[in-house]
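Note that the structure is predicted; figures quoted are calculated from it, not measured. Keep in mind that the numbers below use all heavy atoms, side chains included, and drop hydrogens, waters and symmetry copies. Chain letters run A, B, ... following the sequence lines, proteins first, then strands; residues in each count from 1.
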Number of protein chains: 2
Amino acid sequence: MDRRQQKTRAAIFQAFGSLLAEQCYSHITVQEIIDRANVGRTTFYAHFETKDELLKALCENLFGHIISSAKDCTHTHGLYSAGSAPESIFCHLLQHLQENDNNVLGLLSCESSEIFLRYFKDSLSDLIQSQFIIQNRHTNRDLPDDFLVNHISGSFVEMVLWWIKGRMKQTPEELDRYFRSVIEPIL
Amino acid sequence: MDRRQQKTRAAIFQAFGSLLAEQCYSHITVQEIIDRANVGRTTFYAHFETKDELLKALCENLFGHIISSAKDCTHTHGLYSAGSAPESIFCHLLQHLQENDNNVLGLLSCESSEIFLRYFKDSLSDLIQSQFIIQNRHTNRDLPDDFLVNHISGSFVEMVLWWIKGRMKQTPEELDRYFRSVIEPIL
DNA sequence: TTAATAGTGAACATATTGTTCTCTTTTATT
DNA sequence: AATAAAAGAGAACAATATGTTCACTATTAA
């Protein structure tokens, strides 16, 4: 509603994000956050009940954007356009990550990256699930749908973690090729 | 050295384990641990510098056992015996988990399971890495070795997480079949 | 039996959390 | 431009958690 609220919220998000790039989530204190955000203690607690809530809000904000943008792109391209690699939804996601809007990479490469990847995977699972159902692409009758969904989203997230820990030497396109190589054979 | 030390250590491990089955890691206090372990505050800090160190020690202890037992079994069976499913190293691991020695399942199904699975994955990666190198099984020339190792260990861990969250309705053998279905095609 | 080792429990300084209060600033609206 | 409503600042607070120190007791290995 108020412009100030959004500004304050953004300041807290940014301060929190930059702190996460420096140290482990669990060691960050509310005091550090409000100091860096130049925000009063009262204000912080008016916006977020706890540090965990802040984390949750940040993740929803961040991955919400990325996933919904991927969802839009899926409408035109499908979950996995068999022909040309660059159009796949996964390549799209990787490119998005590399662009590093809102310092997503900072979060995903910090000591507490698992927390974020967990949120990322949950969002991703929803996306893949819905695409599976919409497209009826699951020709594999031997494996349960939810196992496959979990396998795909899980593998993707693990790959991203591997990519970032290895200092992102591969391009999104290369990585997409890797991923297609291990996922397409089972679809 | 001292029998008492081992006893105390075991008591702390057990208390910590049972607490983890009840609540999130970050919300467990040292006070709760020492109360349940019937151990003095000083004693706790004589054994472990911080709660994080305790966690680390517990994981090393736990997964060390499981992995080294799997390593032994690999010597006779190989990473992936193509013929009969039940002998695969992964099935062996899953059976081990289901037997629930030292309440591994409690840890893996608690709110903070990601932390443990991360340790699990690291141990697993070492195992798979070494088996890959020893057996020279990587016929896939298009994908880097470390990507494959990460994909396999990552997928396995994600599967275990999925299994446990779904209340472990599948048997280790079924799960092993699922896993073979998504991994063997890419080897 | 005894010296060394391990554990107890209380007390402590320090740090963090989340709340409450009063006061100031900004915004939306007229 | 004036003003009421909303939002933030900042100090103070109780409650809780951490990690250390101390003097004392119990156990073990020899």
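- Spacing between atom CD1 of B/I12 and atom C1' of C/dT8 amounts to 13 Å, rounded to whole angstrom units.
- A straight line from CD of A/E32 to P of C/dG18 spans 15 Å, rounded to a whole angstrom.
- OP1 and OP2 of C/dT16 both lie 4.0 Å or more from every side-chain N or O belonging to A/H27.
- Residue A/F44 is the one, among B/K51 and A/F44, whose nearest nucleotide of DNA chain D lies closer to the 5' end (criterion: closest heavy atom).
- Position along DNA chain D of the nearest nucleotide to A/R41 versus B/T42 favours A/R41 as the more 5'-ward residue.
- As a whole-Å value, the separation of B/I33 CD1 from D/dA17 P is 12 Å.
- As rounded to whole Å, 22 Å separates atom P of C/dT16 from atom CD of A/E49.
- For the pair A/K121 and A/F116, the cation-pi criterion (under 6.0 Å, within 45° of the ring axis) is not fulfilled.
- A close approach under 4.0 Å does occur between a side-chain nitrogen or oxygen of B/R3 and OP1 or OP2 of D/dA29.
- When the shell of 6.0 Å around CD of A/Q14 is examined, it contains 12 or fewer heavy atoms from other residues, nucleotides or ligands.
- Each of D/dA17, D/dG19, D/dT27 was ranked by its minimum atom distance to the side chain of B/Y45; first place goes to D/dG19.
- The side chain of B/R4 has C/dG7 as its nearest neighbour among C/dT17, D/dA17, C/dG7.
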>> Assess the residue pair B/F63 and B/Y119 against the criterion (ring-ring contact (aromatic ring centres under 6.0 Å, His included)); give the C-alpha distance rounded to whole Å, side-chain angles, the decisive distance to 0.1 Å, and a yes or no.
In response: CA-CA 8 Å; B/F63 296 123; B/Y119 276 100; 7.4 Å; no
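- Ring planes of B/H96 and B/H92: tilted class, angle from 30 to 60°.
- Atom-to-atom, CD1 of A/I34 to P of C/dT19 comes out at 14 Å; the value is rounded to the nearest Å.
- Each of C/dT27, C/dT16, D/dG8 was ranked by its minimum atom distance to the side chain of A/T8; first place goes to D/dG8.
- The shortest distance between side-chain heavy atoms of B/L58 and B/L107 falls below 4.5 Å.
- The separation between B/F48 atom CZ and D/dT20 atom C1' is 18 Å, rounded to whole Å.
- Taking atom CD1 of A/I28 as the reference point, atom C1' of C/dT16 lies 14 Å away to the nearest angstrom.
- Rounded to a whole Å, the CD atom of B/Q6 is 17 Å from the P atom of C/dT5.
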